[in-house]
Amino acid sequence: MSDQVPATDTPAATLPPNLSRDTFDRLDRLVTHAEARTETRDVEAPFTGNVVSAVPECAPDDVELAFERARSAQTDWADRDAEARAAVAKRLHDAVLDNREALVDVVQLESGKSRAHAYEEVLDVAATARYYGYRAADLLESERRRGMVPGLIRAEVHHHPVGVVGIISPWNYPLTLSISDAIPALLAGNAVVCKPAEQTPYTALFARHLLRKAGLPEDLFQVVTGEGASLGPALVEESDYVCFTGSTATGREVAAAAGRNLVDCSLELGGKNPLLVLPDADLDRAVKGAIGACFTNAGQLCISVERCYVHESLYEEFTERFVEATEALTLGPGYDFEHAVGSLVSADQLEKVQAHVADARERGATVHCGGQARPDLGPYFYEPTVLTDLPADADAACEETFGPVVSVTPVDSTTEAVERANDSEYGLNASVWTENEDLGRAVARDIDCGTVNVNDAYAASWASIDAPMGGMDDSGVGRRHGPEGLMRFTEAQTVAVQRLALGDPVGVGSALEAKTLSAALRLWKRIPFLR
Ligand code: NAD
């Protein structure tokens, strides 16, 4: 057993093939600021409900200590050459791929997702490490900007690290969301303190282990394990920048606390993502795409689709084929590729999914397939479910279900499809299916979402790491990925040098000066190279 004593006497989970009890002992010891802490929190394996192991139950004091250690390590790290920092990400890329089987095991063990869906996280983190490993140093270089009077005033911009970045992450993509934002934060010269979700701390600790293997100095990436409601506010209090991924409700609290400290933050929040099937869509592709869009990670994916709007000319055929393809999905536990879809993460999540489907039934929706929990497979399994005739005010129509439940609705035009898609408080991701790429791109621009995929569910935009990713409206603030995903972790500093002893160059001490400068500005606008 692990060093940490489980808090209950629930049976221990059987470990997947690439993990041993020793692994958990080693990972527990990576909560380095809480060595003396004796309280622990059990981590559950959703496939069975059994206990994986127990991590330290950190307190706000531990968060303070983690920040202290991170802060003292950050100064030397920031002094290093950006290329030297980037080398860690290049090595991390290899370490993640070399350790992929054990990593996928940990992700599956504590999240209950299928192996294929867990694998996506490993590939995503490797790709993110590669992207920032090769791009960060260039993006962080100081740049010349045009001075007020070119030639007379020299202006340059430097990109300084903010200090210590606090990362709060959810359980649904525990590897991607605890480390993919940490990579650019670290490469920008910051330290990071990460608070993973209660359900999935071991994945974040495994990430810490791999970062150290890749050469990251000891204290630069800290992990605090324990309850969000107690550790989250303490982490926000200490952070120089807060990177939060989770629900919209918690995101609002985080933003308010960051605002009180005048600390910047990015908030990657919930979604109620639409999929539009236009009249000329290729139905084979659209049905296959909708399956991935709706049921990846049993629908517990912020960018997964929960609403399909299908042109009436294709509605019946689409629905029939979509239901057939949904029924063909294999559901079950296992550390191999046998099952397409895994478990929900917890009893809470199962309860929410059941409540949404019960509400839909009560309001007259038709359940074409699924609609049942599957305790015979594991405590939190729920069948992929397709609804039609769902009233617009049903919970499953307007609130995020975050489970394998999707509604299909006919629309009489592309205009109506776009209107319905935009009729939501969220604005995270959308998917548009059409054979006309130009039309698809035009329709995409009318949809109020931070990412829109044409003839793809979500991977096209998410995996284009050079492009920003994030939500509009209640889906969030700020962007990850791309240059934006790196530069948010920096403070821009402008240094301007006055080369002639002009005094104050825009000094307006008299009516004559005011008149002269106004005339100069009029002239200035006419000279192209000065505009
Ligand atoms: P959650 O908001 O309950 O928890 C997220 C994190 O916040 C956890 O680490 C939790 O411990 C912590 N937390 C809890 N209370 C806190 C507080 N008062 N202050 C600070 N932190 C606190 O969300 P969840 O249920 O873990 O995750 C599911 C949600 O995350 C869904 O809404 C999903 O759409 C969203 N999500 C969004 C993205 C994105 O990129 N937009 C990605 C993944 C998940």
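Atoms within each ligand, like the ligands themselves, are counted from 1 in listed order. We're numbering straight along the sequence, starting at 1.
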At under 4.0 Å between heavy atoms, which part of [X] makes contact with ligand 1: side chain, backbone, both or neither?
X    : value
Q300 : neither
R480 : side chain
V254 : side chain
T245 : both
Y173 : neither
L177 : side chain
E268 : both
N172 : side chain
A257 : neither

So, 4.0 Å and heavy atoms of [X]: is ligand 1 close enough to count as a contact?
X    : answer
M469 : no
G476 : no
G471 : no

Just by distance, with hydrogens left out, do [X] and [Y] show a side-chain donor and acceptor under 3.5 Å apart?
X    : Y    : answer
W462 : D124 : yes
T250 : S247 : yes
Y335 : D105 : no
D28  : Y202 : yes
N453 : S431 : no
R480 : T245 : yes

Heavy-atom nearest neighbour of atom 32 (O) of ligand 1 within options R252, Q199, E400: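 That would be E400.
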Ligand 1 N/O within reach of [X] N/O, cut-off under 3.5 Å:
X    : result
S247 : yes
W462 : no
L269 : yes
G246 : yes

Flag: protein heavy atom within less than 4.0 Å of atom 34 (O) of ligand 1: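 Within 4.0 Å of atom 34 (O) of ligand 1, protein heavy atoms are found.
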Criterion salt bridge (Lys or Arg N to Asp or Glu O under 4.0 Å) on D219 and R71, from CA distance to verdict: CA-CA 9 Å; D219 280 334; R71 220 171 271 293; over 6 Å; no
Are the side chain of [X] and the backbone of [Y] linked by a donor-acceptor contact shorter than 3.5 Å?
X    : Y    : answer
H481 : I465 : no
Q74  : G189 : yes
N297 : G112 : no

Give the residue and atom name of whichever protein heavy atom lies nearest to [atom], and the separation in Å to one decimal.
atom                    : value
atom 24 (P) of ligand 1 : W171 NE1, 3.5 Å
atom 36 (N) of ligand 1 : C302 CB, 3.5 Å
atom 16 (C) of ligand 1 : T250 CG2, 3.3 Å
atom 8 (C) of ligand 1  : S169 O, 3.4 Å
atom 27 (O) of ligand 1 : P170 CB, 3.4 Å

